[in-house]
Structure formats: C-alpha cells, structure tokens
A.B. asks: 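There's a structure below that I have some questions on.
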Protein chains: 2
Amino acid sequence: MKYETRKDEIIQTSAILFQKKGYSAVTMRDIAKAMGIKAASLYNHINSKQEILSEIIISLAEQFTEQMKIIKTSDDSSINKLKQVVALHVNITSNNQFGMASLNSDWMHLENELEYYLKLRKNYENDFRSIIEKGIQENELANANPEVMLFSLLSTLRSLYIWLPKKEDLNIEKFITELSTVLINGINK
Amino acid sequence: MKYETRKDEIIQTSAILFQKKGYSAVTMRDIAKAMGIKAASLYNHINSKQEILSEIIISLAEQFTEQMKIIKTSDDSSINKLKQVVALHVNITSNNQFGMASLNSDWMHLENELEYYLKLRKNYENDFRSIIEKGIQENELANANPEVMLFSLLSTLRSLYIWLPKKEDLNIEKFITELSTVLINGINK
DNA sequence: TTTTTTAACTAACAACTGTTAGTTTAAAGT
DNA sequence: ACTTTAAACTAACAGTTGTTAGTTAAAAAA
C-alpha cells in the first residue's frame, strides 16, 4: 500500500499540486480530480483545505526543529555541526520533495498555525545563528559577518526543493559532501 | 510625482500585494482598495490582472538578461565576473524589492509570456554556468562540481529579496563585498 | 464655448470558490 | 441476519472572482 490512510493520500496528492501552482491556485476540485473522486468526498477525511496545508507544513517544520536541537546540543565542532545541518536539509528535502515547496512558498497562508510556524522558524534560525557565532568566536570559522553567512547558507539549503528533483540519478551522500564543501570552503581555488 | 503613470502605480501597488500573499491570493478588488478606487476603474489603465504580472516579471527578467550579457562578454577574470553578478543581483533586488518576489514565486502563473520568461531564465543560467566552467578550466576556481556551485550561488542571489528588506540601514556597497567574500571564499577559517 | 479625453463610477455577468446537507452503497462488526 | 461504519455520491449554498457595459464628472484641447 502506497499510503497509510486516505487522509495521508489527500495530503500527499495536495502537496504535489501545491508545489506546481501554489496553495491559493489549487482548488478542492483539483485535489479531488487528482484522486478520482468528487470534492465533497474529501471532507470525509479532512476538515478543511487549510488543514491540508497545516499538516504538510507543520510536520516538516517540527522535523527540522527536533533534529536541529539534537545537532545543537551535540559536542561536535562547529564545522561538523554545519555539515550535519546540510545533511539534515538534504535528507528531509529528498524525502519530502513536494511538501518542502509548501513550507517555503505557502507558509503565509497558514491561519491558526501561522504563529506556531513562525515560532518554530525563529527558533531554528536562532539555533543556526548560534552555531555560526560560536564557530567564529572559537576561530573555527572565518571572521566575517555572521548574518551574511547565515543568509547564504540558509538560502541555499531552503532552495534544495527546487534543485533536488532535477537531478534524478543523484547519489545523496555524495551530494551532501559536495554541497558541504562548496558552502564551507567556497568556490575559490 | 512618485509614479510616472497611473498604470505604473497599479503595477507597483500590485507588486507590494503580490509579495505578501502571492499572485493568486490577491484580487483585483484588493489592488483597487489599496489605491482607493474601485476594481472596474483599474481597467481604464490595464487590460487584465495577467498583464500586471507580466509587466512586473518580464521587465525584471530582461534587466538580468541584458546585464548578464555585458558581464559575460567583458574580458575580466572569472572571479571578477562573479563579483559583478553578485552586484547585479543586489542592485536590482534593492531597487525592486517587491517585484523580485513575483519573479521568484509567481512566474508559473504567467500565461502568454511564460515561454519567453523560461527562455530568458535558461539563457541567464547558461551564461552563469559558462562563467563558472571557464573559471574551473583556467584554474581560477576550485575543481568542484560546477552544478553545485551554480546552485549554491544562484539560490543565495535569488533569495536576496527576502533578506534585503529586513536590513533597513544597509550599506549596499559594503554588503556586496561581504556577500561576495562569503560566496567565493566560504565560511571556513 | 464646445468638444474630446481621461479616469473615475455603479451595476451586473457567468464562472468558480470552499463547504454543507442529505443520500447511497458496500464492507465490517455484532 | 442485522446494525454500524466508511467513503463515496448529488445537489446546492452563499460568497468571491475577473471582467464588461454603460454612465458621469471634470480637465484638456479645439
């Protein structure tokens, strides 16, 4: 069986559609059609369109938060922690190709859960920033503007959902190594 | 006068709204309300909602394409060309904060102009890739995967529209230097 | 002064939106 | 055999959508 429950199937089908056109441009009739049923039938399994979006985004955001907490509290070097963050993004993204598009592009359409999402994101960014700042303090990272570093790293990691699907025959482990190298050592000779 | 024409005012007002909620979630009534007129009055100046999106996106995409052509055909070093590309993105983004959100998030809602937009983007990416590949060939850049380099650089530059507005009192020239340094030399000590 | 143009307005349209109510069918549980 | 549940259906709702038609008032051009 491909899906655990019918609700799960609705959520994953919706994620595919949301990724193509965005949450607002996808109708309940679009989702239903993709599943071969009528729009009203969706409501036997979910309570609202909004709930579908929440389920997609919040579960992903929580995965990031949980894993970041583990990385943050380990006693690895800053560089190693950053490598683990790269691996975290690549792994979650490659397993949730479609949902990551909603996380990045449709979070503002959350209603009840918007505040909670923003809290999770803020915490995540703060943890990320702490790792970088500690690395600079301890002379492990270059003495550059930590905000610029954070921006650059996070932008690349957040865009993975656009790029990973294009590379069908990708060796994930190799890619994590290559990406870490470029992000940490730059592109200079 | 803040706007050259009333049409220009509609386009710039729309860009602000599109940036917050995305093209599909913004209605003609929203745009009209933001301008203090009725939705039907917009049609004295523009032909369709679609036209507003096209005007925002295509003019920006053409700016990138034109400037890239100039950078590409100069006889600078690869590193200097890349620094110029960084400056190009920072400058266009800081002058078109809101429009850049549409360019990055709403291009798929283009209709007649979608094909043209995709052509411009493909050309731009190809030029970018050529600069990187030449840099590697001539031993100016690290011998890493050029696709990963391109992905990393482009992701960061395309996300500028999210970050620049947050830094109100930003020295643009200084930021271009800092960002170039991080992108080219990485974050390692 | 008269005419034309500009740019707003009201009213309405047909299509589409998320969602609800009530019904039907078949499988599962007793 | 009977009852309950799961999951589909049809029909409809009230509100919203982009857009058009026709009108009005004031400014610009003649």
Side-chain angles (χ1 to χ4, degrees), chain A residues 1-58 99 102 105-114, chain B residues 1-58 99 102 105-114:
Chain A
M1 201 131 54
K2 200 177 171 191
Y3 304 102
E4 296 215 344
T5 62
R6 198 83 165 125
K7 176 172 179 178
D8 190 50
E9 186 179 355
I10 293 173
I11 291 170
Q12 291 188 231
T13 304
S14 300
I16 295 174
L17 299 177
F18 291 170
Q19 174 241 8
K20 272 194 213 138
K21 313 200 295 173
Y23 175 74
S24 301
V26 174
T27 70
M28 296 303 281
R29 285 163 181 82
D30 290 335
I31 298 168
K33 196 165 204 173
M35 295 186 62
I37 60 176
K38 299 288 169 177
S41 306
L42 294 168
Y43 290 83
N44 286 313
H45 309 280
I46 51 107
N47 295 309
S48 65
K49 188 188 179 192
Q50 179 64 203
E51 188 194 12
I52 299 176
L53 186 68
S54 286
E55 295 262 359
I56 294 172
I57 292 181
I58 299 296
S102 298
S105 308
D106 283 320
W107 57 267
M108 72 286 281
H109 297 117
L110 287 173
E111 291 165 14
N112 292 339
E113 310 263 44
L114 177 57
Chain B
M1 199 131 55
K2 198 176 171 192
Y3 304 103
E4 297 216 343
T5 63
R6 198 82 166 126
K7 177 172 177 176
D8 190 50
E9 186 180 355
I10 293 173
I11 291 169
Q12 291 189 231
T13 303
S14 301
I16 294 175
L17 298 179
F18 291 170
Q19 174 241 8
K20 272 194 214 135
K21 313 201 294 172
Y23 175 74
S24 300
V26 174
T27 70
M28 295 304 280
R29 286 162 181 85
D30 291 334
I31 297 168
K33 196 163 205 174
M35 295 186 63
I37 59 177
K38 299 287 169 179
S41 306
L42 294 167
Y43 289 85
N44 286 314
H45 309 279
I46 50 106
N47 295 310
S48 63
K49 187 188 178 191
Q50 178 63 205
E51 189 194 11
I52 300 175
L53 186 68
S54 286
E55 295 262 359
I56 294 171
I57 292 181
I58 298 298
S102 298
S105 307
D106 283 320
W107 58 266
M108 72 285 280
H109 297 117
L110 288 173
E111 290 166 13
N112 292 339
E113 311 264 43
L114 177 58

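Throughout, a chain's letter reflects where its sequence line sits, starting with A, and its residues are numbered from 1. All values below were derived from every heavy atom in this structure, side-chain atoms included, with hydrogens, water molecules and symmetry-related copies excluded.
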A.B. asks: Considering residues at least two apart in sequence or located in another chain, which fulfil the side-chain hydrogen bond (donor to acceptor under 3.5 Å, both in side chains) criterion with B:Thr27?
C.D. replies: B:Asp30
A.B. asks: Would you kindly give the CE-to-P distance between B:Met35 and C:dA8, to the nearest whole Å?
C.D. replies: 7 Å
A.B. asks: With a 4.5 Å heavy-atom cut-off, do B:Met28 and B:Ile46 have their side chains touching?
C.D. replies: yes
A.B. asks: Tell me, which pairs form a ring-ring contact (aromatic ring centres under 6.0 Å, His included) where one or both residues lie in residues 16-41 of chain A, sequence neighbours left out?
C.D. replies: A:Phe18-A:Tyr23, A:Tyr23-A:His109
A.B. asks: So, using side-chain hydrogen bond (donor to acceptor under 3.5 Å, both in side chains) as the criterion, who are the partners of A:Glu55 when residues are at least two apart?
C.D. replies: A:Lys7
A.B. asks: Specify the separation, in whole Å, of atom CD1 of B:Ile10 and atom P of D:dT19.
C.D. replies: 13 Å
A.B. asks: With respect to the phosphate group of D:dA8, does any side-chain polar atom (N or O) of A:His45 fall under 4.0 Å of OP1 or OP2?
C.D. replies: yes
A.B. asks: Please report the distance, rounded to the nearest Å, between CG in B:Leu42 and P in C:dT6.
C.D. replies: 18 Å
A.B. asks: When every nucleotide of nucleotides 17-23 of chain C is labelled 5' to 3' by its protein contacts under 4.0 Å (heavy atoms), B for base, S for sugar-phosphate only, - for none, what sequence of letters results?
C.D. replies: BBBBB--
A.B. asks: When the distance from CD1 of B:Ile31 to P of C:dA8 is rounded to whole Å, what number comes out?
C.D. replies: 14 Å
A.B. asks: Go through the structure and list residues passing side-chain hydrogen bond (donor to acceptor under 3.5 Å, both in side chains) with B:Glu113, not counting sequence neighbours.
C.D. replies: none
A.B. asks: Could you tell me which residues satisfy side-chain hydrogen bond (donor to acceptor under 3.5 Å, both in side chains) with B:Lys20, sequence neighbours excluded, listed by chain and number?
C.D. replies: none
A.B. asks: Whole angstroms only, please: what is the CZ-P distance between B:Arg6 and C:dT6?
C.D. replies: 15 Å
A.B. asks: Write down the distance between CD (B:Glu9) and P (C:dA7), rounded to a whole number of angstrom.
C.D. replies: 11 Å
A.B. asks: Tell me whether the side-chain N/O atoms of A:Ser41 come closer than 4.0 Å to OP1 or OP2 in D:dC9.
C.D. replies: yes
